[in-house]
A.B. asks: 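After the structure tokens below, expect a handful of questions from me.
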Amino acid sequence: MTIDKDRVVSIHYKLTNDDGEVIDSSEGTEPLTYLHGAANIIPGLEKELTGKKVGDSLKVTVKPEDGYGEVNPELIQIVPAETFKGVDKLEPGMHFQADSPDGHAMMIVVEAVNGDEITVNGNHPLAGQVLHFDVTVDSIREATPEEIDHGHVH
Ligand code: ZN
């Protein structure tokens, strides 16, 4: 069986950035399982996996436009410290849930704390990055009708 639309695929992977630093890896844990053709994983990786079979290994380089998108400067903002009323000590690297301009929940990261001026970033942490995947296909099976209906693996 090869990887195709409406099949459930498990992969082991290692993700490194352009500097060769490991960002994420399934080593020592369960493989990543996803429904192929349902946009469960980034398009640049999904496209390259199509047609592969169990045991195949591949290296995939994904540009930002096929990954997590380019950095959107509008999502980097300076807000007053009072926005974080109730937070004891505000420090760079802290994550908060916020409402995006169109009303969806989004994750923001505190980039810098300058007295009353807090720089926050709502971009995906991997936005703007070229991603390098080392992938091995672990298993492939047909998805159930319910999984196809839901667009994810059960
Ligand atoms: Zn479901």
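Not measured: the values here are computed from a predicted model. Each ligand, and each atom within it, is numbered from 1 in the order the structure gives.
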A.B. asks: Between E147 and R141, does any NZ, NE, NH1 or NH2 come within less than 4.0 Å of an OD or OE carboxylate oxygen?
C.D. replies: yes
A.B. asks: Identify whether the distance between the nearest side-chain nitrogen and carboxylate oxygen of D66 and K63 falls below 4.0 Å.
C.D. replies: no
A.B. asks: Parallel, tilted or perpendicular for H150 and H154, by the 30°/60° rule?
C.D. replies: perpendicular
A.B. asks: Report the protein N/O/S neighbours of the Zn ion (ligand 1) that fall below 2.8 Å; do not count waters.
C.D. replies: H150 ND1, H152 NE2, H154 NE2
A.B. asks: Answer whether the closest heavy-atom distance between the side chains of F96 and V87 falls below 4.5 Å.
C.D. replies: yes
A.B. asks: Report yes or no: do N123 and N121 form a side-chain donor-acceptor pair below 3.5 Å?
C.D. replies: yes
A.B. asks: Hydrophobic side-chain clustering at under 4.5 Å (ILVMFWY, transitive links): who's grouped with L131? Put none if nobody.
C.D. replies: M1, I3, V9, I11, Y13, L15, I23, L32, Y34, I41, I42, L45, L49, V54, L58, V60, V62, Y68, L126, F133, V135, V137, I140
